[in-house]
Amino acid sequence: MKTKVVSVMLSAAMLAAAGISAGTFGAAAQTSYPLIYEAVGKLESNETISYSLPEEKSVTGNALSLKVFMKNTYHYSLPVSISITSEGKEYVWSKTTGAMQGFAYSSPDALQATIETPLQWNKDGTLEIPYMFYGEIVLPFSALNYGAGAEIGSVSDLSMTMTAAVNSNFASGDTWLADGVCMYLFDVSCVTVDDSGKVAPAEELVDFGNVKADDVTHTAETGNVVGELRSASEEDYSVFEAFVRQYNSACETKGDMRIIESFSYDETAFAQVSEERTAAELLKKFYLSGQESDYSIVNGGAEGTALSYTCDSAVYDAGKNSYAGVHFNFGRREATDWSGANGITVYVENTADYLASFALEIFQYNLGTGLLEQYNLNDVGQKYKTLYAYNVETGEEFSYHTQTFMRVPANFKGWIRIPFSQYAAPAWSMTPTYGNEGVLDFDKNPVVKISITRLFNVNLDTELIIDDVALYYGDFSVGNLFDQSKQSIRDCIEKGSVPA
């Protein structure tokens, strides 16, 4: 009987029956290293990697399962197009071809529970592989662009096209200064899913651990290839495992705060990675846009290491938009869950003897629309925003008004808290082009990325030390001056707790 794809979330037991056991991802089972696609600089155009099977293989299933680990420092997810060739004709998966079904499955090793999520798609119909994803992407043959009633009986070639990031609304022609893609390719298999959701054993099409980079065709639309395809080394795989361990570890808590970014890497997770490589990977986590600002990891901040972020007047271009930004995605799965929190807080030091400013912009992935939504302090409905501060050197606590950007007093060292009530979707993001619904729903949707942005021309040569971006859960009153029944910010940090 002919099978068809149904909308189903597959359990770990079903995946194991299909030969997709989480244990196969672990180091103990690793006998060969995967291929790595990496692009450090800017892609000039879309780049495609294609592999021709030694001989065309017959397939009897209806879904292609692609294991892929993704470490992407460009933005929250990598937009890709995946295709197969059958009997000389190429077929592409795209949301634009119809109702796209399928699922993503990820697990760090056999000891961790599997995570099953719907596939994520870009507005243009391309698939988005989330930052730090590691696992299976299952795509049904029924959603290929071959037309109703046609069938795929064999596969001869596999291709993946990485979408180049180009944003023409900036004076220079592109807001993003680098793509920074890094993706590990393991293997590709076919599985069969029947009406009841039962999965038949997997049929492997290619094991990239046994494929040389020279055997894979690598092309670019412009003819100028920027990315590199290579076999992973033992050190690469140690880094890979370190990312997986950290992604599945819990966030540190401090008082009533859950720290979602500490500007460091977990020493336990990266124990098998050299200090030099760990430092290099930490720097690659961040990426720049707009004016060419400068960042580095320095000792200090709240504790350990922190982010130093500077707008250098020597490189300022007055002919361009004055915006500059450094961005990061969350390296822990737990950091994307903001349910139950009251607001966001950050430790910051202004090294200047005059006021400086920056913004913490948050990006929510709307699971209903499948789109990334941006929120900040810039909206016409509430011109003045209320922030709360605690100076750890003087002990002073105070509230103050600001507009658009978070103003940091001269020589300030301490914590600034922003209630979520102060965030809103900027007006431009509410247009149909962007599709922002304008509702921060942390109980439903994950937050996947933060942008630290600055107006370059008013922050020339000012250094900010930024550390421990966190969610806070306590109810407070600054310095206990206005409401004696509530804790001060200091009390929340020293004596508070995060709800279990």
Side-chain angles (χ1 to χ4, degrees), residues 25 30-55 57 64-75 77-85 90-93 126-137 139 155-166 176 178-189 204-244 273 277 280-281 283-285 287:
F25 293 124
Q30 186 63 33
T31 57
S32 59
Y33 298 118
L35 289 182
I36 293 179
Y37 171 80
E38 191 169 26
V40 177
K42 282 295 302 173
L43 298 179
E44 293 185 11
S45 63
N46 293 352
E47 295 194 2
T48 300
I49 51 176
S50 302
Y51 177 72
S52 296
L53 278 60
E55 59 182 20
K57 284 191 177 183
L64 181 66
S65 171
L66 177 65
K67 294 178 188 173
V68 58
F69 168 79
M70 170 70 185
K71 175 174 68 69
N72 179 9
T73 58
Y74 162 57
H75 66 179
S77 57
L78 174 68
V80 300
S81 295
I82 300 175
S83 66
I84 61 172
T85 299
E90 184 180 21
Y91 301 98
V92 181
W93 278 277
T126 55
L127 177 67
E128 291 193 342
I129 302 176
Y131 173 73
M132 294 302 294
F133 173 80
Y134 172 39
E136 309 269 64
I137 296 171
L139 299 166
V155 176
S156 61
D157 298 89
L158 304 161
S159 294
M160 179 180 293
T161 298
M162 270 59 66
T163 303
V166 176
W176 306 105
D179 284 339
V181 174
C182 183
M183 178 172 57
Y184 290 64
L185 289 173
F186 287 87
D187 60 77
V188 179
S189 303
E204 186 174 81
L205 296 179
V206 56
D207 177 1
F208 283 113
N210 294 318
V211 173
K212 296 180 180 179
D214 292 342
D215 295 331
V216 180
T217 302
H218 183 189
T219 59
E221 288 183 356
T222 61
N224 298 318
V225 172
V226 175
E228 177 188 2
L229 189 66
R230 59 185 174 84
S231 295
S233 65
E234 183 176 356
E235 184 178 35
D236 290 324
Y237 199 75
S238 293
V239 172
F240 165 80
E241 289 186 312
F243 276 114
V244 174
V273 181
R277 182 68 184 268
E281 292 294 328
L283 283 176
K284 287 164 62 177
K285 173 185 175 67
Y287 50 102

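For reference, positions follow the sequence shown, starting with 1. Worth knowing before you read on, the calculation uses all heavy atoms, side chains too, and leaves out hydrogens, waters and symmetry mates.
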[X] versus [Y]: any side-chain heavy-atom pair under 4.5 Å?
X	Y	answer
Leu185	Val216	no
Glu221	Leu43	no
Leu127	Trp93	no
Ser45	Asn224	no

Shortest non-hydrogen contact from [X] toward [Y]:
X	Y	value
Lys57	Leu205	NZ-O, 3.6 Å
Tyr33	Ala232	CB-O, 3.4 Å
Val211	Ser231	O-OG, 4.2 Å

Ser159 versus Ser50, side-chain donor and acceptor atoms under 3.5 Å: yes
Asp157-Ser52 side chain donor-acceptor pair, cut-off 3.5 Å: yes
Plane angle bin for Phe208 and Tyr51 - parallel if under 30°, tilted between 30 and 60°, otherwise perpendicular: perpendicular
Ring geometry between Tyr37 and His218 (parallel below 30°, tilted from 30 to 60°, perpendicular above 60°): perpendicular
CA sep, side-chain torsions, deciding dist, call: Glu281, Lys285, salt bridge (charged side-chain N to carboxylate O under 4.0 Å, His left out): CA-CA 6 Å; Glu281 292 294 328; Lys285 173 185 175 67; over 6 Å; no
Counting distance only, does the side-chain N/O of [X] pair as donor-acceptor with the main-chain N or O of [Y] below 3.5 Å?
X	Y	value
Thr163	Pro79	yes
Thr222	Glu44	no
Thr48	Thr219	no

Separation between CZ of Arg230 and CG of Asp236, rounded to the nearest 0.5 Å: 4.0 Å
Euclidean distance, Glu47 CD relative to Glu228 CD, rounded to 0.5 Å: 11.0 Å
Asn210 vs Asp187, side-chain contact (heavy atoms from CB on, under 4.5 Å): CA-CA, chis, key distance, verdict: CA-CA 9 Å; Asn210 294 318; Asp187 60 77; over 6 Å; no
Aromatic ring proximity, centroids under 6.0 angstrom, Tyr184 and Phe243: no
